[in-house]
Visitor: 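Take a look at the following structure, please.
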Amino acid sequence: MKQIAEVVNLIPDSAQHLWSGDLVAARQALLAADPACVLAIDGSFALVAQEGERVVLARSLERPLRYFLAKAADGPVLIVAQRIDEIAAELGRRGWAGQFHPSYTRMAPAHHITALRLIGCPDPNPVYRRFFDPPRGTLPPDLDRLGRHYIEALYSELRSWLAAQDPTAPIGVPFSGGIDSGSVLLCLNKLLLDQGMPPTRLKAFTLSLDGDGDDARQAREFLRRTDLEILGETIDVPSTALDPFRAVAVIEDYKPLDVECAAVNLALLGAIRTRYPEWRLLVDGDGGDENLKDYPIEANSELTIRSVVNNRMLYQEGWGVDSLKHSLTYSGGYSRGCVRGYACASRYGFVSFSPYTRAPVIAIAEAIPFAELTRGSHERLYALKGEIVSRGLRAVLGCEMPVYPKRRFQHGSATPETAARLFTEDEARYRRHFHALHA
């Protein structure tokens with residue numbers, strides 16, 4: 001069995017966004033025996049490190065990290081990238097295009113160190129070692145206390161992120177007026193005021209397709225009720241600009257809800273880029289639904305409320321790396337779905353961040369005693385997110401946040417008739433299109 005002859009890392013150092021420390025120390029942390037060293041890496045990263053025959057990979061939850069083992073005469077070559085098409089292009093440049101198929105690529109799962117050793121023929125499986133394992137259900141069932149802890153963690157992560165940014169750079173929040181984007185906007189506004197920075201540095205961008213959609217109305221009402229109307233900016237885009245098949249190519253996936261979300265996200269971000277050519281920073285609320293388990297269980301025949309509240313980070317990670325349902329090509333849960341945000345932002349030159357994907361915030365969410373609070377009731381579970389977040393904002397920021405019913409991005413940006421016409425949830429068509437891209 002031959003050892004790895006070469007590691008080709010296609011992820012530029014400039015794509016790593018660390019808020020403290022440096023890349024040398026971060027890569028040394030990957031090679032250390034203690035997973036706590038990886039958990040301590042502060043920022044957004046997709047890293048690879050090599051020590052002799054051992055190659056180690058790790059990523060933060062909100063971004064992808066893929067790898068592919070190619071065979072060469074001198075020994076195997078490990079190619080590491082953020083995108084599947086980058087791997088395919090590298091293989092083509094080296095004359096190895098015949099080795100490629102998208103299903104042969106692998107995604108390093110979030111919250112795990114992926115270690116590869118003595119890769120050759122046959123290829124041994126990678127070894128996964130968890131570096132983030134928060135205790136579950138350890139907080140008391142006190143909604144006021146839970147809300148305070150949750151928003152304190154959110155605020156702290158936003159403060160750390162803000163301190164690492166250019167103090168003059170404008171900040172955009174893709175904004176629907178929902179719980180997640182609303183809480184992010186309120187926290188950022190308070191942070192800027194407390195630090196003596198102009199709140200006009202902040203904008204709340206709301207997508208409206210064909211000049212309509214419930215999100216635009218909801219966003220205006222939210223900003224009016226919180227006295228933040230000056231921050232709002234509606235981005236009008238014709239529905240003809242939406243192309244789900246283009247979204248398939250950008251996110252390199254075919255799950256209908258992710259494709260549809262990416263399609264409207266691309267429409268929003270493309271319009272912002274046209275309007276503001278130099279804009280760079282975006283902060284969103286991705287991960288908030290996963291943290292507080294705010295998805296309709298009835299829409300997924302594989303789920304019960306028992307499985308949702310009793311499985312560790314189910315919506316963040318899927319069923320887990322040891323599960324038969326875990327996708328080696330894509331990972332699971334938001335560990336898979338993160339691409340719908342990251343790839344779209346990257347396509348238009350934005351650097352995106354969501355505090356809800358940060359480990360300290362997820363740790364508080366995992367400590368919530370969901371089973372005790374919900375007692376088997378779907379309705380109690382769905383009401384929990386609004387209660388926890390609104391109480392937390394009241395305790396930490398001293399403000400009242402409007403709470404509206406949950407609505408997906410793609411459904412709120414257009415009228416129901418337009419959404420039904422644009423989004424057919426046809427996974428088979430999306431899957432065929434994805435595979436045709438690499439035919």
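For the numbers below, each heavy atom of this structure counts, side chains included, while hydrogens, waters and symmetry mates do not.
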Visitor: Quick one, L18 with L23, criterion side chain to side chain contact (heavy atoms under 4.5 Å, CB included). Give me CA distance, side-chain angles, the key distance, then yes/no.
Guide: CA-CA 8 Å; L18 302 185; L23 284 176; 3.8 Å; yes
Visitor: Could you measure the distance from the OG1 atom of T304 to the NE2 atom of H378? Nearest 0.5 Å is fine.
Guide: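 Those atoms lie 7.5 Å apart.
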Visitor: Does a side-chain heavy-atom distance below 4.5 Å link L228 with P199?
Guide: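 A side-chain contact is absent here, since even the closest heavy-atom pair is not under 4.5 Å.
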Visitor: If you look at every heavy atom in A58 and L65, which pair is closest and at what distance?
Guide: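 Answer, listing the atom of A58 first, then L65: O-CD2, 3.4 Å.
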Visitor: Does D286 reach the side chain of C338, with side-chain heavy atoms less than 4.5 Å apart?
Guide: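 They are not in side-chain contact.
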Visitor: For the ring pair Y295 and Y382, is the centre-to-centre distance below 6.0 Å?
Guide: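 No, the ring centres sit 6.0 Å or more apart.
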Visitor: With a 4.5 Å heavy-atom cut-off, do Y348 and L266 have their side chains touching?
Guide: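 Touching, per the 4.5 Å side-chain cut-off.
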Visitor: So, taking the atom named CG in D85 and the one named CG in L437, what distance separates them when rounded to the nearest 0.5 Å?
Guide: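 Reported value, rounded in 0.5 Å steps: 9.0 Å.
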Visitor: Using the rule side-chain contact (heavy atoms from CB on, under 4.5 Å), only one of L154, D289, I362 pairs with Y356; which is it?
Guide: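 Among the candidates, only L154 passes.
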Visitor: Would one find more than 12 heavy atoms of other residues, nucleotides or ligands at under 6.0 Å from atom CZ of R421?
Guide: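 Yes, CZ of R421 has more than 12 neighbouring heavy atoms, counting only those of other groups under 6.0 Å.
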Visitor: Check whether any side-chain heavy atom of H111 lies under 4.5 Å from a side-chain heavy atom of L61, and answer yes or no.
Guide: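 Yes, their side chains come closer than 4.5 Å.
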Visitor: Identify the heavy atoms of T415 and T418 that sit nearest to each other, and give their distance.
Guide: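 Nearest heavy atoms, T415 then T418: OG1-OG1, 2.9 Å.
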Visitor: Taking ring pair (Phe, Tyr, Trp, His ring centres under 6.0 Å) as the definition, give me every residue that meets it alongside F131, ordered by chain and number, with sequence neighbours left out.
Guide: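 Ring pair (Phe, Tyr, Trp, His ring centres under 6.0 Å) list for F131, sorted by chain: empty.
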Visitor: Can you confirm whether the side chains of D215 and T206 place a donor and an acceptor under 3.5 Å from each other?
Guide: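 Not at all, the side chains of D215 and T206 share no donor-acceptor pair under 3.5 Å.
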Visitor: How are the rings of H433 and F245 set relative to one another: parallel (under 30°), tilted (30 to 60°) or perpendicular (over 60°)?
Guide: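 Aromatic pair H433/F245 classed perpendicular.
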Visitor: Which value, rounded to the nearest 0.5 Å, describes the distance between D258 atom CG and R336 atom CZ?
Guide: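 The CG atom of D258 sits 7.5 Å away from the CZ atom of R336.
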Visitor: Evaluate whether atom CD of E278 has more than 12 neighbouring non-hydrogen atoms of other residues, nucleotides or ligands under 6.0 angstrom away.
Guide: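 It does not: E278 CD has 12 such atoms or fewer within range.
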Visitor: Kindly determine whether Q316 and N291 satisfy side chain to side chain donor-acceptor pair (under 3.5 Å), including the steps that lead there.
Guide: CA-CA 7 Å; Q316 289 92 345; N291 289 355; 2.9 Å; yes
Visitor: Would you indicate whether the side-chain heavy atoms of K203 and W279 approach each other to under 4.5 Å?
Guide: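 In short, these two side chains touch, coming nearer than 4.5 Å.
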Visitor: Let me confirm one number: the CZ-OG distance from R83 to S346, rounded to the nearest 0.5 Å.
Guide: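 With rounding to 0.5 Å, CZ (R83) is 8.5 Å from OG (S346).
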Visitor: So R340 and D253, salt bridge (charged side-chain N to carboxylate O under 4.0 Å, His left out) or not? Walk me through it.
Guide: CA-CA 9 Å; R340 68 177 181 248; D253 204 345; over 6 Å; no
Visitor: Nearest 0.5 Å, what's the CG-CG distance between L186 and L223?
Guide: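 Between atom CG of L186 and atom CG of L223 there are 9.0 Å.
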Visitor: Indicate every side-chain donor-acceptor pair of residues 318-328 with a distance under 3.5 Å to a residue at least two apart or in another chain.
Guide:
residue : atom : partner : partner atom : Å
S323    : OG   : K325    : N            : 3.0
S327    : OG   : T329    : N            : 3.4
S327    : OG   : Y330    : N            : 3.0

Visitor: What distance do E317 atom CD and E290 atom CD have between them, rounded to the nearest 0.5 Å?
Guide: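 So the gap between those two atoms works out to 12.0 Å.
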Visitor: Decide yes or no for Y315 and Y334: does some side-chain heavy atom of the first lie under 4.5 Å from some side-chain heavy atom of the second?
Guide: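 Y315 vs Y334: side chains apart.
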Visitor: Which atom pair, heavy atoms only, marks the closest approach of I179 to G386?
Guide: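 Where I179 meets G386 most closely, the heavy atoms are CD1-CA, 3.6 Å.
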Visitor: Indicate yes or no: at least one non-hydrogen side-chain atom of L185 is less than 4.5 angstrom from one of T226.
Guide: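 No. Closest side-chain heavy atoms not under 4.5 Å.
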Visitor: Do you know which two heavy atoms are closest between P64 and Y342, and how far apart they sit?
Guide: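 Heavy atoms only, the tightest pair is CD-CD2, 3.4 Å.
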Visitor: Checking side chain to side chain donor-acceptor pair (under 3.5 Å) for the pair T114/Y67: CA distance, chi angles, key distance, verdict?
Guide: CA-CA 11 Å; T114 301; Y67 60 97; 5.5 Å; no
Visitor: Can you see which heavy atom on I368 is nearest to which on L373, and at what distance?
Guide: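 In terms of heavy atoms, the two residues are closest at CG2-CD1, 3.8 Å.
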Visitor: Can you give me every donor-acceptor pair (side chain of residues 39-48, partner residue at least two apart or in another chain, under 3.5 Å) with its distance?
Guide:
residue : atom : partner : partner atom : Å
D42     : OD1  : R358    : NH2          : 2.9
D42     : OD2  : S20     : OG           : 3.2
S44     : OG   : E62     : OE2          : 2.4
S44     : OG   : R63     : NH1          : 3.2

Visitor: Decide yes or no for T105 and I79: does some side-chain heavy atom of the first lie under 4.5 Å from some side-chain heavy atom of the second?
Guide: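 SC-SC contact between T105 and I79 ruled out.
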Visitor: Indicate the atoms forming the closest heavy-atom contact of A271 with I235, along with that distance.
Guide: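 For A271 and I235, the tightest heavy-atom pair comes out as CB-CG2, 3.3 Å.
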Visitor: Looking at F205, I'd like to know if the NZ or CZ of R273 sits under 6.0 Å from its six-membered ring centre while staying within 45 degrees of the ring's axis.
Guide: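 No; the conditions do not both hold, so R273 does not lie above the ring face of F205.
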Visitor: Would you check, one step at a time, whether the test salt bridge (charged side-chain N to carboxylate O under 4.0 Å, His left out) holds for D166 with R201?
Guide: CA-CA 11 Å; D166 178 348; R201 183 181 169 191; over 6 Å; no
Visitor: Check step by step if salt bridge (charged side-chain N to carboxylate O under 4.0 Å, His left out) holds for E233 and R275.
Guide: CA-CA 11 Å; E233 185 164 337; R275 191 174 294 189; 2.7 Å; yes
Visitor: Could you go step by step and tell me if R224 and E229 meet the salt bridge (charged side-chain N to carboxylate O under 4.0 Å, His left out) rule?
Guide: CA-CA 5 Å; R224 179 184 59 78; E229 289 171 287; 5.6 Å; no
